[in-house]
Amino acid sequence: QVQLVESGGGFVQAGGSLRLSCAVSGRTFSSYAMGWFRQAPGKEREFVAAISRSVRTYYADSVKGRFTISRHNAKNTVYLQMNSLKPEDTAVYYCAASRSGYDNSGTWEYDYWGQGTQVTVSS
């Protein structure tokens with residue numbers, strides 16, 4: 001069973017930065033596409049960013065230019081660098097792995113999910 005564990009969430013003022021990490025168990029990490037999603041209270045889970053197994057990246061318009069997704073295959077880890085944070089970025093952030101290998105944006109396209117890490121941005 002593949003396990004994903006997020007870390008790096010916290011409390012930050014608007015304009016600040018955070019870097020999320022997601023460690024993935026197993027020996028097939030490099031074959032997965034990885035995605036980050038978020039869910040704010042009372043809202044549906046939404047796509048944030050994805051990185052394919054070929055290291056192609058894809059971002060939601062709301063974070064483009066502020067967030068950067070990257071991966072380190074030797075460490076089985078995917079990162080989300082978040083800069084210029086806004087109060088509307090406040091949410092629980094989840095990482096997910098897709099066996100398809102493609103940088104998809106739909107939640108249904110991901111096979112494994114982490115438990116999430118809280119990010120709170122104050123104004």
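Note that the coordinates shown come from a computational prediction; the quantities given were computed from them, not determined experimentally. Positions are given from 1 along the sequence.
A donor-acceptor contact shorter than 3.5 Å is absent between the side chain of T117 and the backbone of E6. Checking side-chain atoms of N76 against main-chain N and O of A23 turns up no donor-acceptor pair under 3.5 Å. Although no hydrogens or angles enter the test, the distance criterion places no donor-acceptor pair under 3.5 Å between the side chain of R38 and the main chain of A91. In this structure a side-chain-to-backbone donor-acceptor pair under 3.5 Å is missing from T77 to H72.
Atom CZ of R53 is separated from atom CE of M34 by 14.0 Å, given to the nearest 0.5 angstrom. For the atom pair OG1 of T57 and CZ of R71, the computed distance is 11.5 Å after rounding to the nearest 0.5 Å. Distance check, rounded to the nearest 0.5 Å: CZ of F67 to CG of L18 gives 9.0 Å. Of the inter-residue distances, the one linking Y58 atom OH with I51 atom CD1 reads 15.0 Å to the nearest 0.5 angstrom. Once rounded to the nearest 0.5 Å, the distance linking OG1 of T107 with CZ of R45 reads 7.5 Å.
In this structure, the side chains of V24 and C22 come closer than 4.5 Å at one or more pairs of heavy atoms. Looking at Y79 and S21, their side chains come closer than 4.5 Å, going by heavy atoms from C-beta outward. Considering only heavy atoms from C-beta on, F29 comes within 4.5 Å of N73 through its side chain.
Contact detail for P87 and A14: the closest heavy-atom pair is CD-CB, 4.1 Å. When all heavy atoms of Q81 and S17 are compared, the pair lying nearest together is NE2-CB, 4.0 Å. Summarising the geometry of T90 relative to A40, their closest heavy-atom pair is O-CB, 3.7 Å, with the distance given to 0.1 Å.
Under a hydrophobic clustering in which Ile, Leu, Val, Met, Phe, Trp and Tyr are joined whenever their side-chain heavy atoms come within less than 4.5 Å, directly or via other members, V12 and M82 fall into the same cluster. The same ILVMFWY cluster, assembled from side-chain heavy atoms under 4.5 Å apart, contains both V55 and L20. In the hydrophobic clustering of this structure, Y94 does not group with L80; members are Ile, Leu, Val, Met, Phe, Trp, Tyr whose side-chain heavy atoms approach within less than 4.5 Å, directly or through other members. Linking ILVMFWY side-chain heavy atoms closer than 4.5 Å, directly or via other members, places Y110 and V92 in a single hydrophobic cluster. Linking Ile, Leu, Val, Met, Phe, Trp and Tyr residues whenever their side-chain heavy atoms come within less than 4.5 Å places V78 and V2 in a single cluster.
Surrounding CD of Q115 are at most 12 heavy atoms belonging to other residues, nucleotides or ligands under 6.0 Å away. Other residues, nucleotides and ligands contribute more than 12 heavy atoms inside 6.0 Å of the CZ atom of F11.
Relative ring orientation between F37 and F47 is described as perpendicular, the plane-to-plane angle rising above 60° on a 0-90° scale split at 30° and 60°. Ring planes of Y112 and Y32: tilted class, angle from 30 to 60°.
The pair D89-K86 does not count as a salt bridge, with every side-chain nitrogen at least 4.0 angstrom from each carboxylate oxygen.
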